[in-house]
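Attaching a single structure in structure tokens format; questions to follow.
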Protein chains: 2
Amino acid sequence: MAGNDLPRLRRVVLERLMRYYRWLAESTPKKPLKNVTSGQIAEALDIDPTQVRKDFGAIGLQGMGRVGFEVWEVCRSIRHMLGFDHTYYGVLIGAGHLGRALMAYNGFARYGLQIVAAFDNDQHKVGGKAAGVPIKPMRTLKPFIRKHDIRLAILTTPAEVSQKVTDRLVSAGIRAIWNFSPTRLTVPPDVLVRNEHISLGLSQIAYHLKQ
Amino acid sequence: MAGNDLPRLRRVVLERLMRYYRWLAESTPKKPLKNVTSGQIAEALDIDPTQVRKDFGAIGLQGMGRVGFEVWEVCRSIRHMLGFDHTYYGVLIGAGHLGRALMAYNGFARYGLQIVAAFDNDQHKVGGKAAGVPIKPMRTLKPFIRKHDIRLAILTTPAEVSQKVTDRLVSAGIRAIWNFSPTRLTVPPDVLVRNEHISLGLSQIAYHLKQ
DNA sequence: TAGATTGTTAATCGATTAACAATC
DNA sequence: TAGATTGTTAATCGATTAACAATC
């Protein structure tokens with residue numbers, strides 16, 4: 001496959017690509033543009049136009065002078081680079097309020113993610129469903145991951161148990177962990193951890209309100 | 001008040017302060033340290049020790065050679081700088097799954113935040129409670145904010161209505177918006193918006209899993 | 001004292017922005 | 001062609017890390 005010698009994309013770039021994609025592919029119509037310029041995107045998303053062109057260049061996109069970029073081509077390219085055109089399966093650990101909110105959100109499928117099971121230790125939850133996803137007992141976690149080739153685990157467990165659960169996930173062969181519990185996790189270098197530490201936001205909010 | 005001439009703290013610094021605070025004040029005992037060195041903190045949180053000293057310096061903390069910093073003093077200072085020792089009141093807009101998860105979390109009070117009401121347009125929800133918090137109709141939003149001197153709004157509305165709701169919040173005099181909806185909000189410069197765009201994380205995860 | 005740790009200045013690194021020739 | 005837009009190199013900015021004298 002040609003063009004696959006592009007350098008590895010950094011986190012900030014990936015996030016901007018996601019923002020471009022959402023704006024181009026998902027924002028409300030009234031402007032079904034065929035072409036778009038870096039300036040238009042920059043204006044809408046409050047990003048420097050040079051940055052937009054650099055990011056597009058980083059995924060091999062070429063624009064045309066005076067015309068800009070083809071919307072369809074940009075979307076296709078981002079979708080491909082970010083892997084939205086694959087389907088990958090995930091499990092969720094900890095079917096509490098946040099876990100249920102994430103399962104109910106139901107907006108991840110369009111980016112390729114399917115949550116196929118949730119795991120919890122609470123006997124009252126086990127056997128039930130949340131947003132159509134079955135809740136299973138923790139002891140069945142490892143065989144389930146192995147059997148169904150699960151790549152991603154979404155972690156919404158209490159902080160105290162997160163590392164222990166993580167160790168089990170890693171030994172079962174998980175490839176990425178989306179961590180919503182407020183703890184730093186230790187994993188082997190080939191496992192990706194994406195931290196979503198919501199309460200860090202409170203530092204900024206409280207500080208601002210204090211002023 | 002002396003010492004208030006410290007430069008404004010940046011977002012990354014605030015987040016690190018939050019992490020120091022959680023580790024020092026909230027991590028499980030077994031090591032009730034009286035003093036702590038920048039090296040110990042650095043090791044635990046995977047941060048450069050120089051960075052820790054710089055951050056402490058930025059909030060006016062002084063350590064002692066050979067001894068480090070007094071834990072109690074560090075905690076008190078962070079709590080004060082970040083404003084955790086004030087109580088401030090917040091409302092939540094959009095009592096969906098995520099909104100309910102945030103209200104149920106109940107861990108914000110220790111940082112000074114009290115969620116006193118939720119607002120929603122759904123007649124089935126209005127009048128009820130979620131995690132002990134009353135759910136009120138949207139039309140009562142503005143007077144409520146004014147009457148109770150609400151500073152913060154937590155926004156978990158669908159993306160399409162977020163800007164409209166934001167405009168109402170701003171005109172009611174809100175000071176900060178904690179935005180969980182995947183949209184960029186436009187606000188006057190004195191209103192803080194903290195974005196918590198969870199699905200940006202998917203870009204990193206999908207990209208990693210594709211490799 | 002000897003040695004570990006702080007506080008601070010300098011060096012490095014990476015990301016963002018500016019400038020501008022090449023292009024359509 | 002004239003003019004807007006790209007693609008790329010250089011400049012700037014800010015944050016992180018290294019180095020090291022001062023301190024307890």
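Residue numbering restarts at 1 for every chain, and letters A, B, ... go by the order of the sequence lines. Quick note: numbers below take in every heavy atom, side chains included, and nothing from hydrogens, waters or symmetry partners. Remember, predicted model here, so these are calculated numbers, not experimental data.
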Inset, instruction - Check step by step if side-chain contact (heavy atoms from CB on, under 4.5 Å) holds for A:Glu70 and A:Leu61. - result: CA-CA 10 Å; A:Glu70 204 174 332; A:Leu61 281 169; over 6 Å; no
What pairs of donor and acceptor atoms, side-chain ones from residues 84-102 of chain B against any protein atom, are under 3.5 angstrom apart with sequence neighbours left out?
from     : atom 1 : to      : atom 2 : distance (Å)
B:Arg100 : NE     : B:Ala95 : O      : 3.0

Inset, instruction - Would you name the heavy atoms of B:Leu45 and A:Arg184 that are closest together and state the gap between them? - result: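 Looking at all heavy atoms of both residues, the shortest contact is O-CD, 4.1 Å.
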Legend entry - Under 4.0 Å protein heavy-atom contact, by nucleotide of nucleotides 16-21 of chain C - B base, S sugar-phosphate only: SBBB--
Inset, instruction - Go ahead and write out DNA chain C as dot-bracket, 5' to 3': ( ) for pairs within the strand, [ ] for ones crossing earlier pairs, | when the partner sits on another strand, dots for unpaired; Watson-Crick or G-U wobble, both distances under 3.5 Å. - result: ..||||||||||||||||||||||
Legend entry - Pairs flagged by side-chain hydrogen bond (donor to acceptor under 3.5 Å, both in side chains) wherever residues 41-50 of chain B is involved - sequence neighbours left out: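 Found B:Asp48-B:Thr50.
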Inset, instruction - Figure out the CG/P separation between A:Leu14 and C:dG14, and round it to whole Å. - result: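 So the CG-P distance, A:Leu14 to C:dG14, works out to 17 Å.
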Legend entry - Mutual orientation of the aromatic rings belonging to A:Phe108 and A:Tyr105 [parallel < 30°, tilted 30-60°, perpendicular > 60°]: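 Geometry flag for A:Tyr105 against A:Phe108: perpendicular rings.
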Legend entry - Audit row: B:Ile205, A:Trp178, side-chain contact (heavy atoms from CB on, under 4.5 Å) steps and yes/no: CA-CA 8 Å; B:Ile205 289 164; A:Trp178 202 1; 3.3 Å; yes
Legend entry - A:Asp55/A:Arg53 salt bridge by N-O under 4.0 Å criterion: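 A salt bridge is absent here (no side-chain N lies under 4.0 Å from a carboxylate O).
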Legend entry - Test side-chain hydrogen bond (donor to acceptor under 3.5 Å, both in side chains) applied to A:Tyr21 and A:Arg16, A:Glu26, A:Arg79, the passing residue: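 That would be A:Arg79; it is the only one of A:Arg16, A:Glu26, A:Arg79 passing the side-chain hydrogen bond (donor to acceptor under 3.5 Å, both in side chains) with A:Tyr21.
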Legend entry - Nucleotide C:dT5, atom P - distance to CD of B:Glu70 in whole Å: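 Rounded to the whole Å, the gap is 17 Å.
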Between N or O atoms, less than 3.5 Å apart, protein on one side and nucleotides 22-24 of chain C on the other: list the pairs.
none

Legend entry - Contacting residues from residues 192-204 of chain B, given that a heavy atom lies under 4.0 angstrom of DNA chain C: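 Under 4.0 Å from DNA chain C: no residue of residues 192-204 of chain B.
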Legend entry - B:Gly201 versus A:Glu196, closest heavy-atom pair with distance: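 Taking B:Gly201 first and A:Glu196 second, the nearest heavy atoms are CA-OE1, 4.0 Å.
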Inset, instruction - Please state how far atom CD in B:Gln40 lies from atom C1' in C:dT6, giving the value in whole angstrom units. - result: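 Spelled out: CD on B:Gln40 to C1' on C:dT6 is 14 Å.
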Legend entry - Distance-only side-chain donor-acceptor flag, B:Thr157 / B:Ser162, under 3.5 Å: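 The answer is yes; a qualifying pair exists.
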Legend entry - Residues B:Arg19, B:Glu15: salt bridge by 4.0 Å N-O rule: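 Looking at B:Arg19 and B:Glu15, the cut-off is not met.
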Inset, instruction - Identify the two heavy atoms, one from A:Ile174 and one from A:Ile150, that lie closest to each other, and give their separation to 0.1 Å. - result: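 So the two residues come closest at CD1-O, 3.8 Å.
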Legend entry - Minimum heavy-atom distance A:Lys142-A:Ser171, with the two atoms named: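 Heavy atoms only, the tightest pair is NZ-OG, 3.0 Å.
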Legend entry - Options C:dG7, D:dT6, C:dA15, nucleotide nearest the side-chain atoms of A:Arg10: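 Among the listed nucleotides, the one closest to the side chain of A:Arg10 is C:dA15.
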